Amino acid sequence: MAQADPFANATKQVNDACDILKIKDKQLREYLAMPNRVLRVKIPVKMDNGKIRIFTGFRSQHNNDRGPYKGGIRYFNPEGGVKYMEREVMALSSWMTWKCAIVDIPLGGGKGAIFVNPKTEKLSDGELERLTRGFAYKIGEVIGPQKDIPAPDVYTTGREMTQIMDTWSKMNGNKYSPGVITGKPIPMGGSLARNVATGLGNAYCIREAAKILKLKLKGATVVLQGFGNASTFSGEYLEKMGAKCIAASDSKGSILVPKGFKVSKLLEYKQKKGSVVGFPGSKKISTEQLLTTKCDILVPGALENQINTSIAKKLKCKIIGEAANGPTLPEADPIIFKKKIFMIPDILANSGGVCISYLEWVQNNQGYYWSFDEVAGKMESNIVKGLNDMHKLAKKHKIDNRRAAMALAVERVLEAFELKGIWP
Ligand code: NAD
């Protein structure tokens, strides 16, 4: 079966937002949907066996009307091949534009990728470093602290970010330039709170949604799908706000703990046993049972395409905080809206990561570093404002939160474009 075109999907979302905002001009719609530039590069690498291998990489720069392009670099080999990857990178760069605009950070949208799977292809550390530095060199002219600031994504880490920073600094007169990239390790100019950012941001969103619904967080029940970075920190911070986690899952299965569990205890158990399944006092349940467990807060924090129309009809939660990217199918949204479940769409719910990336860049630019609480506090104000702005727009147009979030973002980008005008 042919894979859906992710960029067509991203374009449809822009057009939907334009419909809400009554933007009829087709050229303006195209301006908002299309990336400003998509750079495709070939990267020759000398492999450990002495042979040369040519890799293909991309950097898509979608929009910089509000500030430099921002977005991750992934090493991956999607099933659709290099052509599919180009469309995917274009779509991902578009979503970054909207994500930054919703939380009102002065950055635009970008995304990069190299067609390689370092895990299955078992690249050595040396091969990976030569590939990373080769890519940094090839995209070197279009990135920079005031131009385009990449970050980690699928199968890239602080190690690759450090190598890109070092390569770019050396290409630019040996100027120390930590602001060319974010997601760096702390000694390399990284920011505190980056590791917890996504879950913490999601917890802030959920707290604000609970205020709107007049739902007390003390004693509120939480279901976590997935038990990795995004979901465990969502759970841990909701727990600190008084909520109680009652169900969780991982790739090996789902569990229900009617009396509730401490996230730290389940983490300890998973570290020892390799899964959440079998946790004392728990009952094994199916994925569908997990998602449709009666609870106050559902955090889909693992995979895309989890909530379909059939699950949506059976949901028994009051708030959904989409820590994962794309966990809800588009056709399920109207059902969730009708059921008056407060949906916090992924584009806002998991924006804590990009907020702290922005704050890392600010700290790099000023050469002065903040404490954990300072960084978390600044991220909190952006996220809380984003959620309330989205809610206001949803109420004004009587639309669901996902469409409101997109409309809000498109409105902000358009405002910047119109203020700047066109030159040359
Ligand atoms: P992770 O690898 O830390 O955790 C993923 C979790 O999902 C693991 O516990 C894994 O066991 C579980 N899982 C895998 N298959 C599953 C299945 N079939 N059913 C239930 N659980 C399953 O990854 P992460 O960083 O937490 O990312 C999770 C999601 O959040 C992804 O969609 C990612 O794009 C999104 N996200 C993460 C961040 C971040 O900063 N970590 C930022 C934005 C978005």
Side-chain angles (χ1 to χ4, degrees), residues 64 66-73 96 99-110 143-153 156-166 168-169 175-208 229-230 232-241 263-264 321 323 347-389 412:
N64 64 348
R66 293 171 41 86
Y69 305 103
K70 181 93 195 83
I73 290 175
M96 283 306 297
K99 194 178 269 203
C100 292
I102 290 166
V103 284
D104 211 3
I105 54 179
L107 295 171
I143 64 170
Q146 306 305 326
K147 273 192 192 172
D148 181 351
I149 309 135
D153 202 86
T156 54
T157 64
R159 181 180 66 171
E160 286 72 36
M161 301 306 109
T162 304
Q163 291 163 356
I164 294 175
M165 173 184 94
D166 186 59
W168 196 88
S169 297
K175 268 190 277 175
Y176 174 63
S177 312
V180 67
I181 201 145
T182 63
K184 301 178 292 295
I186 304 287
M188 290 290 112
S191 177
L192 294 174
R194 178 63 190 89
N195 59 330
V196 304
T198 305
L200 178 57
N202 192 26
Y204 287 145
C205 286
I206 292 168
R207 187 194 65 198
E208 292 310 297
N229 178 285
T232 52
F233 285 116
S234 298
E236 213 158 271
Y237 283 102
L238 285 168
E239 206 173 78
K240 284 192 182 146
M241 294 170 187
V263 172
S264 58
I347 202 167
L348 173 65
N350 66 34
S351 64
V354 77
C355 279
I356 295 208
S357 268
Y358 159 62
L359 295 167
E360 177 178 335
W361 174 71
V362 174
Q363 292 170 86
N364 295 153
N365 290 345
Q366 66 186 5
Y368 178 74
Y369 289 79
W370 295 314
S371 67
F372 181 102
D373 288 348
E374 282 171 302
V375 176
K378 289 178 201 299
M379 184 256 272
E380 181 181 6
S381 352
N382 282 77
I383 295 237
V384 168
K385 185 172 177 301
L387 188 124
N388 287 309
D389 290 346
R412 286 184 174 158

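Computation of the quantities below employed the complete heavy-atom set of this structure, encompassing side-chain atoms and omitting hydrogens, waters and symmetry-equivalent molecules. If you're wondering where the values come from, they're calculated on a predicted model, not measured in any experiment. For the single chain, residues carry numbers from 1 onward in sequence order.
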Problem set entry | Beyond-backbone contact of Arg194 with Ser357, side-chain heavy atoms, under 4.5 angstrom | yes
Problem set entry | Result of checking Asn229, Asn350, Asn202 against Ser234 for side-chain hydrogen bond (donor to acceptor under 3.5 Å, both in side chains) | Asn202
Problem set entry | Heavy-atom pair with the smallest gap, counting every atom of Thr232 and Val263 | O-CG1, 3.8 Å
For this session: Would you check if Pro178 and Met165 make a side-chain contact, meaning some heavy-atom pair closer than 4.5 Å?
Result: yes
Problem set entry | Short side-chain to backbone donor-acceptor contact, Asn364 and Gly189, under 3.5 Å | yes
Exercise. Do the non-hydrogen side-chain atoms of Glu374 and Leu192 ever get within less than 4.5 Å of each other?
Worked result: no
Exercise. Is any side-chain heavy atom of Val362 less than 4.5 Å from a side-chain heavy atom of Trp370?
Worked result: yes
Problem set entry | Non-hydrogen atoms of Tyr237 and Ala203 that approach each other most closely | CB-CB, 3.6 Å
For this session: Return yes if a side-chain donor-acceptor contact under 3.5 Å exists between Thr157 and Glu160, otherwise no.
Result: yes
For this session: Taking all non-hydrogen atoms of both residues into account, name the closest pair between Ile356 and Ser191 and its distance.
Result: CG2-OG, 3.9 Å
Exercise. Does Gln363 reach the main-chain N or O of Leu359 with its side chain, forming a donor-acceptor pair under 3.5 Å?
Worked result: yes
Problem set entry | For Glu360 against Ile181, the heavy-atom pair lying closest together | OE2-O, 3.9 Å
Problem set entry | Taking every non-hydrogen atom, the tightest pair across Ser264 and Glu236 | N-OE1, 4.5 Å
For this session: Without swapping roles, check the side chain of Asp148 against the backbone of Ile143 for a donor-acceptor pair under 3.5 Å.
Result: no
Problem set entry | Under 3.5 Å: donor-acceptor pair, side chain of Ser169, backbone of Lys175 | yes
Exercise. Is there a donor-acceptor contact under 3.5 Å linking the side chains of Asn64 and Lys147?
Worked result: no
Problem set entry | salt bridge (Lys or Arg N to Asp or Glu O under 4.0 Å) against Lys240, all qualifying residues, sequence neighbours excluded | none
Exercise. With no hydrogens and no angle check, is any side-chain donor or acceptor of Lys184 less than 3.5 Å from a backbone partner on Thr162?
Worked result: no
Exercise. Out of curiosity, Ile164 CD1 to Arg159 CZ, how far, rounded to the nearest 0.5 Å?
Worked result: 11.5 Å
Exercise. How far does CD1 of Ile206 sit from CG of Leu238, to the nearest 0.5 angstrom?
Worked result: 4.5 Å
Side-chain donor-acceptor contacts of residues 375-389 below 3.5 Å, not counting sequence neighbours, with atom names and distances?
unit_1	atom_1	unit_2	atom_2	d
Glu380	OE2	Arg207	NH1	3.0
Glu380	OE2	Arg207	NH2	2.8
Ser381	OG	Gly377	O	3.1
Ser381	OG	Lys378	O	3.4
Asn382	ND2	Val103	O	2.8
Lys385	NZ	Asp389	OD2	2.9
Asn388	ND2	Val384	O	3.0
Asp389	OD2	Arg412	NH2	2.5

For this session: Test Asp166 against Gln163 for side chain to side chain contact (heavy atoms under 4.5 Å, CB included), laying out the working first.
Result: CA-CA 5 Å; Asp166 186 59; Gln163 291 163 356; 5.7 Å; no
Problem set entry | Considering all heavy atoms, the nearest Cys100-Gly108 contact | SG-O, 3.6 Å
Problem set entry | Rounded distance [0.5 Å steps], CE in Met96 versus CG in Leu107 | 8.0 Å
For this session: Would you mind reporting whether Tyr358 and Ser351 have side-chain heavy atoms less than 4.5 Å apart?
Result: no
Problem set entry | Side-chain (Arg66) to main-chain (Ile105) donor-acceptor, under 3.5 angstrom | yes
